[in-house]
Enquirer: 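Attaching a single structure in structure tokens format; questions to follow.
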Amino acid sequence: MKRYRNGEIWDFEHEVAMATNRPVILGLDGGTTSTVCICMPIMHFSDPLPDPLPVLARAIAGCSNHNSVGETAARETLEEVMADALSKSGSNRSAVRAVCLAVSGVNHPTDQERILTWLRDIFPSQVKLYVRNDAVAALASGTMGKLHGCVLIAGTGTIAYGFIEGGREARAAGAGPVLGDWGSGYGIAAQALTAVIRAHDGRGPHSMLTSTILRTLGLSSADELIGWTYADPSWARIAALVPVVVSCAEAGDEVANKILKEAVHELALSVKAVVQRLGLCGADGKSYFPLVMVGGVLEANQRWDIGEEVMNLISKDYPGALAIRPKVEPAVGAALLALNEFMKDSVEEAYRR
């Protein structure tokens, strides 16, 4: 498949008559599980922003983390999802004014530059391009495009990311399961699977986890769990077992409860590390800052609410932390961030003239 300008993926620009040439922005949230692209019109920031926000189109595709699927596949996924969003909105690349591409796996300036180089091959030269880690889109979804505060993501993986005025930023965790993303869905489920094997071997206590996990997976013995795990050790597949661990903990299982308590501790540590490095809490440790909480692990459960437990630990040290559950998805946050940066750059360019 041709990837770049005027390639097959953009054939719709020639075949479909565009209904409008209104200027638009694109916001992308790309992770290990899926990639979402939002197309929005250019609008002036107001307080409050319009509700609902004027989303023109939404497109979804697969994984775009180059560390997981390779650079070629990641690029193709990102290009396909942008083309799909523009096609659905009745727009084309000439209408695009700014793109914010927030994807997992962007951990270094060389990652950003590599993706920026590729984007420059796709869009006209006047388009403003911003490449960030996907945690930034999650933060912006809670702050409605403002880069200030901290975000804690705990889904398949986990990361804490923070920003303060002036552009200074810090992160903790987010290095993947091999390097210890404990507190993530993968980390919780992997510890549960390990607990089943340890109990089977006689190296650890017996728990409800054994019967519940085996029943969930349709397996008859812990020995079969080894084959199931390594047949496809993908992060999301393992992380899907988190609800099983939570249900066992809610039923009073000590091993499951210990796993979740350790996860809460690790997630809180990640946030605290970011807050301390940026001084988000102020000199007295009590200043207000938004803490955006995103991801399936942090969603409320009947009795074992991981997100609430994390917030309780953080509030003991930082009473000014305000938990925010975003009302919009991260891709919308990326689009608002693109709009915010575009308007700021436009004002600066006009001033220089």
Enquirer: Drop me the distance from Glu254's CD to His206's NE2, to the nearest 0.5 angstrom.
Expert: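 The CD atom of Glu254 sits 14.0 Å away from the NE2 atom of His206.
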Enquirer: Are any of the side-chain nitrogens in Arg58 or Glu329 under 4.0 Å away from the carboxylate oxygens of its partner?
Expert: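 A salt bridge links Arg58 with Glu329.
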Enquirer: Taking Leu313 as the starting point, is it possible to reach Trp304 by hopping between hydrophobic residues whose side chains are less than 4.5 Å apart?
Expert: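 Yes, one cluster joins them.
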Enquirer: Does Met43 reach the side chain of Pro54, with side-chain heavy atoms less than 4.5 Å apart?
Expert: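 They are in side-chain contact.
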Enquirer: Ignoring hydrogens, what is the shortest heavy-atom contact between Cys37 and Ala85? Give both atom names and the distance.
Expert: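 For Cys37 and Ala85, the tightest heavy-atom pair comes out as SG-CB, 3.7 Å.
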Enquirer: I need the minimum non-hydrogen distance between Thr143 and Pro290, along with the two atoms involved.
Expert: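 Shortest heavy-atom contact: CG2-CG, 4.2 Å.
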Enquirer: With distance as the sole test, does Ser315 use its side chain to make a donor-acceptor pair with the main-chain N or O of Asn312 at under 3.5 Å?
Expert: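 A pair under 3.5 Å: no.
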Enquirer: Quick one: do Glu71 and Arg75 make a salt bridge, cutoff under 4.0 Å?
Expert: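 Here Glu71 pairs with Arg75 in a salt bridge, since their nearest N and O are under 4.0 Å apart.
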Enquirer: Roughly how far, to the nearest 0.5 Å, is CG of Leu53 from CG of Leu339?
Expert: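 These two atoms lie 10.0 Å from each other.
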Enquirer: Specify the closest pair of heavy atoms between Ala95 and Ser91, including all atoms of both residues, with the distance to one decimal.
Expert: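 Result for this residue pair: CB-CB, 4.4 Å.
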Enquirer: Are side-chain heavy atoms of Ile197 and Leu225 found at a separation under 4.5 Å?
Expert: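 SC-SC contact between Ile197 and Leu225 confirmed.
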Enquirer: Determine, step by step, whether Ile188 and Ile306 satisfy the side-chain contact (heavy atoms from CB on, under 4.5 Å) criterion, reporting the C-alpha distance in whole Å, the side-chain angles of both residues, the deciding distance to 0.1 Å, and the verdict.
Expert: CA-CA 11 Å; Ile188 291 170; Ile306 297 175; 4.3 Å; yes
Enquirer: Below 4.5 Å, heavy atoms only, C-beta onward: do Phe163 and Val151 meet side chain to side chain?
Expert: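 SC-SC contact between Phe163 and Val151 ruled out.
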Enquirer: Supply the atom-to-atom distance Met144 CE to Ile324 CD1, rounded to the nearest 0.5 angstrom.
Expert: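 Here the interatomic distance stands at 10.5 Å.
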Enquirer: For Glu309 and Asp305: C-alpha separation, side-chain torsions, deciding distance, then whether side-chain contact (heavy atoms from CB on, under 4.5 Å) applies.
Expert: CA-CA 6 Å; Glu309 293 298 324; Asp305 190 327; 5.6 Å; no
Enquirer: Between Thr158 (side chain only) and Ile153 (backbone N and O only), is there a donor and an acceptor less than 3.5 Å apart?
Expert: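 Between the backbone of Ile153 and the side chain of Thr158 there is a qualifying donor-acceptor contact (under 3.5 Å).
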Enquirer: Between the side chains of Arg93 and Glu13, is the shortest nitrogen-to-carboxylate-oxygen separation below 4.0 Å, so that they form an ion pair?
Expert: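 Judged by the 4.0 Å cut-off on N to carboxylate O distance, Glu13 and Arg93 do form a salt bridge.
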Enquirer: May I ask you to decide if Asp84's main-chain N or O and Ser87's side chain share a donor-acceptor pair within less than 3.5 Å?
Expert: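 No; zero donor-acceptor contacts below 3.5 Å.
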Enquirer: If you measure from the Lys or Arg side-chain nitrogens to the Asp or Glu carboxylate oxygens, is any gap between Arg132 and Glu169 under 4.0 Å?
Expert: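 Between Glu169 and Arg132 there is a salt bridge, with a charged N closer than 4.0 Å to a carboxylate O.
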Enquirer: For Thr72 and Glu76, what are the C-alpha separation, side-chain angles and deciding distance, and is it a side-chain hydrogen bond (donor to acceptor under 3.5 Å, both in side chains)?
Expert: CA-CA 6 Å; Thr72 299; Glu76 288 181 355; over 6 Å; no
Enquirer: Ignoring hydrogens, what is the shortest heavy-atom contact between Gly183 and Val297? Give both atom names and the distance.
Expert: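 Scanning both residues completely, I find the closest heavy atoms to be O-CG1, 3.9 Å.
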Enquirer: Between Ala74 and Ser64, which heavy-atom pair has the shortest distance, and what is it?
Expert: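 Answer, listing the atom of Ala74 first, then Ser64: CB-O, 3.5 Å.
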Enquirer: Answer whether the closest heavy-atom distance between the side chains of Met40 and Val24 falls below 4.5 Å.
Expert: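 Not touching, per the 4.5 Å side-chain cut-off.
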Enquirer: Indicate yes or no for a side-chain donor-acceptor contact from Ser247 to the backbone of Val244 under 3.5 Å, with no hydrogens or angles considered.
Expert: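 At least one qualifying donor-acceptor pair exists.
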Enquirer: Donor-acceptor pair, distance only, cut-off 3.5 Å: does the side chain of Asp181 make one with the backbone of Gly174?
Expert: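 Checked: pair present.
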Enquirer: For residues Leu291 and Ile314, determine if any side-chain heavy atom of one lies less than 4.5 Å from a side-chain heavy atom of the other.
Expert: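 They are in contact (side-chain heavy atoms under 4.5 Å apart), so the answer is yes.
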Enquirer: Is it possible for you to say whether Val99 and Leu56 belong to one hydrophobic cluster, with membership spreading through side-chain heavy-atom contacts below 4.5 Å?
Expert: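 Yes, Val99 connects to Leu56 through the hydrophobic network.
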Enquirer: Can you name the nearest heavy-atom pair linking Leu278 to Ile164, along with the distance?
Expert: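 Closest heavy-atom pair between Leu278 and Ile164: O-CD1, 3.8 Å.
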Enquirer: Is it true that Val294 and Leu269 fall in one hydrophobic cluster, defined by side-chain heavy atoms closer than 4.5 Å?
Expert: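 Val294 does not cluster with Leu269.
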Enquirer: Nearest 0.5 Å, please: how far is SG in Cys281 from CZ in Phe289?
Expert: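 Here the interatomic distance stands at 6.5 Å.
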Enquirer: Spell out, as yes or no, whether a donor-acceptor pair under 3.5 Å connects the side chain of Asp253 to the backbone of Ala256.
Expert: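 Yes, because the side chain of Asp253 sits within donor-acceptor range (under 3.5 Å) of the backbone of Ala256.
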Enquirer: Can a donor-acceptor pair be found, under 3.5 Å and without considering hydrogens, that links the side chain of Asn257 to the backbone of Ala249?
Expert: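 Yes; judged by distance alone, with no hydrogens or angles, the pair exists.
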Enquirer: Starting from the C-alpha separation in whole Å, work towards a yes-or-no answer on side-chain hydrogen bond (donor to acceptor under 3.5 Å, both in side chains) for Ser221 and Asp223.
Expert: CA-CA 5 Å; Ser221 72; Asp223 286 330; 4.6 Å; no
Enquirer: Between the main-chain N or O of Asp232 and the side-chain N or O of Arg237, is there a donor-acceptor pair closer than 3.5 Å?
Expert: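 Confirmed, Arg237 side chain pairs with Asp232 backbone.
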Enquirer: Go through it in stages, so that I can follow the logic: the residues are Tyr130 and Gln112, the test is side-chain hydrogen bond (donor to acceptor under 3.5 Å, both in side chains), and I'd like the CA-CA distance, side-chain angles, deciding distance and then a yes or no.
Expert: CA-CA 9 Å; Tyr130 311 99; Gln112 290 179 307; over 6 Å; no
Enquirer: Using the rule that Ile, Leu, Val, Met, Phe, Trp and Tyr join whenever any side-chain heavy atoms are under 4.5 Å apart, tell me whether Trp235 and Val69 fall into a single cluster.
Expert: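 Hydrophobic grouping puts Trp235 apart from Val69.
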Enquirer: Using modelled atom types and a 3.5 Å cut-off, is there a donor and acceptor pairing between side-chain atoms of Asn133 and backbone atoms of Ser104?
Expert: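 No; zero donor-acceptor contacts below 3.5 Å.
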Enquirer: Walk me through whether Tyr288 and Leu322 qualify under side-chain contact (heavy atoms from CB on, under 4.5 Å).
Expert: CA-CA 7 Å; Tyr288 155 81; Leu322 176 65; 3.6 Å; yes
Enquirer: Salt bridge check, Arg198 against Asp201: does any charged N sit closer than 4.0 Å to a carboxylate O?
Expert: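 Here Asp201 does not pair with Arg198 in a salt bridge, since their nearest N and O are not under 4.0 Å apart.
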Enquirer: State whether the number of non-hydrogen atoms from other residues, nucleotides or ligands found under 6.0 Å of His265 atom NE2 is greater than 12.
Expert: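 At most 12 heavy atoms, drawn from other residues, nucleotides or ligands, come within 6.0 Å of this atom.
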Enquirer: Is any NZ, NE, NH1 or NH2 atom of the basic residue among Arg120 and Glu113 found under 4.0 Å from an Asp or Glu carboxylate oxygen of the other?
Expert: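 Looking at Arg120 and Glu113, the cut-off is met.
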Enquirer: Set out, in order, the CA-CA distance, both residues' side-chain angles and the distance that settles side-chain contact (heavy atoms from CB on, under 4.5 Å) for Val103 and Thr35, then state yes or no.
Expert: CA-CA 8 Å; Val103 288; Thr35 302; 5.6 Å; no
Enquirer: So Phe12 and Trp10, would you call those rings parallel, tilted or perpendicular, with 30° and 60° as cut-offs?
Expert: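 Because their plane-to-plane angle lies in the 30° to 60° range, the rings of Phe12 and Trp10 count as tilted.
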Enquirer: Are any of the side-chain heavy atoms of Arg171 and Ile159 separated by less than 4.5 Å?
Expert: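 Yes. Closest side-chain heavy atoms under 4.5 Å.
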Enquirer: State, with a plain yes or no, whether a side-chain heavy atom of Leu26 is found less than 4.5 Å away from one of Phe123.
Expert: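 With C-beta onward as the side chain, the pair touches.
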Enquirer: Under a 4.5 Å cut-off applied to non-hydrogen side-chain atoms, are Gln191 and Trp182 in contact?
Expert: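 Yes - at least one pair of side-chain heavy atoms lies under 4.5 Å apart.
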Enquirer: Nearest 0.5 Å, what's the NZ-CE distance between Lys128 and Met343?
Expert: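 Output value for this atom pair is 12.5 Å.
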Enquirer: Between Glu266 and Glu262 (side chain of the first, backbone of the second, donor and acceptor by atom type, cut-off under 3.5 Å), is there such a pair?
Expert: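 Not a single qualifying donor-acceptor pair exists.
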Enquirer: To the nearest 0.5 Å, what is the distance between OG1 (Thr210) and NE2 (His200)?
Expert: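 Answer rounded to 0.5 Å: 9.5 Å.
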